[in-house]
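For reference, the structure discussed in these notes is given below.
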Amino acid sequence: MASKGRNPKKGGDQKREKLLIAAIDFGSTYSGYAFSFKDDFQINPLKIYTNNWSAEQSGGISYKAPTTVLLKPDQTFHSFGYDAEDKYATLTEADEHEGWYYFSRFKMKLMNALDISRDQSGSDRLFTELKRDMEIDDIDGKKMSFMTIIAHAIRYLKEHLLKQLKEKNVLDAITVDGIFWVITVPAIWTDSAKQFTREAATEAGIHDDQLMLAYEPEAAALYCRLLPIDKFESGGEHKELVLQTFERGKTFMVLDLGGGTVDIAVQQTTQDGKMKTIHRVCGGPWGGTKVDESFLGFLNDLFGPKVVYTLKEECRSEYLEFLRGFEMKKRTIENESNRKVTLKIPAAFTDIVLEKTGTAIQDQIQTLRYNTAVSFAGDKLIIEHAFFESFFKKSVADIISHLQNVLNDECCHSLAGIVIVGGFAESAIVNSAMKNAFPDQRFIIPMEAGLAVCKGAVLFGHDPDVIFSRICRYTYGESICKPFDEAIHSLSKFTTIEGLPYCKQIFRKFFTEGQVVMLDTGIEMESEWSFVDEWRKQERFKPITLHVYISDKKCPMYVDDEGCRMLGVVKVNCDNGNWPERVYVTTRMEIAGTEIKVTATMHTGEKVSATFNFL
């Protein structure tokens, strides 16, 4: 949705010339950026630049940095990524971390913002709602503005990119005004979460008219279809398969396996080379963090929760290095049943375990139920492959279950291939599980699958018109009143307006769940307001408010039907001071890019300003 006071504009409508596209891949666990120049894109679209990040304490190099923010005790920004992790580790070991603010993997709170739960009466209720002023807890429970923390992350990545451009003497040639920014979001995010992200980016210093949001699986598809054959893991062996997957008229699936979320999108390439979505995007929180949660549960069993807490507090550098070692194994371990996984145990761990439990690690293992699958030798924790694979069990099972539901749809009966991207896609265990679960499907994995989204977002920024259409995730509508008809309307909805009988809270649709919507097409709705009554005359100078609802049903009758919830409001402003005594306003809702645009026109033909507010 549009940010406060503005409407998103489709990339082709931007007034500023886009000399450079910069994409920020704001991830649940890891984040990074990529960029390319307009001139390079026109000659070679795949000439896209990225950044390498280094972890000082472990010496590792990666193309993304942990989504971690560290603030000083005065709540000003200190560091991001590996620097934030390493600095906080140093502070805790010196017992100097008191008052500092440490936030890690906070993006998932946006994913959970509009979940529906059951209350005791059995009816659906909204239990978590995104608001601009909502707060988030740091590692010690200290609260900060959630939007501010996201803005810190985006601002750091933005400034880091600008610094790199400045060092290359690029900014002198194009200026900051010539940069257009793209931020990636999961396709399953709500409109509220997208608006929250847009407003956080504005707080981070990105102008609203220089910003668009890109759906992660769509971006990945744009990138993969341009890759040469030798850039796919199966390129040499299945050359024809890779080529056929992205042919015009072909249908393919993108399985975006991220750290926090998994997105499933079914795309089709049109005859003129554009792309359209042919199945409602779906997914959930089944990414790589689920594997981490299983592994941390194992550590609690192995050492005991109190010991693990002590390790984190007293030996955070070693603990951090240990988890980074696990992350590396998670991504790179081959799917060979006879191969064991070894993790180096820091010396401080063995000392603390002995001190807190009175038992050496190797003896502790012997008392556990999985002692045949885990052993300890020297400074190495040795895990049988089958047991290590069990950490992936819950995540993989959820992915397979939901993937099966999508594959059962008629639109997937002639898939040319399934493209797997995202950081979690680098795991051989995950890839093997997908292939074993669906032996009849053709899987295609690009090299550096974790960069596909970020680089694809750059391509999307250069040419957003390449996305032809999308499928509505929900039914959108507004609450209106209609003349009461006792044959079809409920008496509980009866009301009177100017002495006449009306039915209130009727759901009037804008878009329908599952509807194919061509981008930049919309629907117009005419509404009437009367300011004749004395109590309404006082409202003539205030904005007219339309309440917008969403539903997972195609044809809800009322806005409080099961499955309906209020998403937010549209405010139509009286730009000339006061509304006339009776006014008719035509509101146009339009799918523009990844967001919805609203415009309003009075019956006189005069344009009036209208804005979304879904926070």
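Note that the structure is a prediction, hence the values are computed from the model and not measured. When a residue number appears, it is its place in the shown sequence, counting from 1.
Under 4.0 Å is where a charged nitrogen must lie from a carboxylate oxygen, and between Glu293 and Lys290 at least one such pair does. A salt bridge links Arg470 with Glu218: the closest approach of a Lys/Arg side-chain nitrogen to an acidic carboxylate oxygen falls below 4.0 angstrom.
Glu203 and Thr148 share a side-chain donor-acceptor pair at under 3.5 Å. There is no side-chain donor-acceptor pair under 3.5 Å between Glu93 and Tyr88.
With sequence neighbours excluded, no residue forms a ring-ring contact (aromatic ring centres under 6.0 Å, His included) with Tyr223. In this structure, the side-chain contact (heavy atoms from CB on, under 4.5 Å) partners of Ile136, at least two apart in sequence or on a different chain, are Phe103, Phe106, Lys109, Phe146, Ile149. Residues meeting the ring-ring contact (aromatic ring centres under 6.0 Å, His included) test with Phe41, sequence neighbours left out: His462. Contacts of Ala457 classified as side-chain contact (heavy atoms from CB on, under 4.5 Å), with partners at least two apart in sequence or in another chain: Ala23, Val182, Thr184, Ala214, Ala219. Shown here are the salt bridge (charged side-chain N to carboxylate O under 4.0 Å, His left out) partners of Lys306, two or more places apart in sequence or in another chain: there are none. By the side-chain contact (heavy atoms from CB on, under 4.5 Å) test, Lys394 is found to be paired with Asp398, residues two or more places apart in sequence or in another chain being considered.
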Exercise for the section: Kindly indicate, with the supporting measurements, whether the criterion side chain to side chain donor-acceptor pair (under 3.5 Å) is fulfilled by Ser145 and Glu135. Expected result: CA-CA 4 Å; Ser145 162; Glu135 295 182 320; over 6 Å; no
Practice task
Walk me through it: do Lys168 and Tyr49 pass the test side chain to side chain donor-acceptor pair (under 3.5 Å)?
Solution key: CA-CA 12 Å; Lys168 298 178 183 297; Tyr49 302 90; over 6 Å; no
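Ring centroids of Phe303 and Tyr309 are separated by 6.0 Å or more, keeping the two rings apart. The ring of His152 has its center no closer than 6.0 angstrom to the ring center of Phe80.
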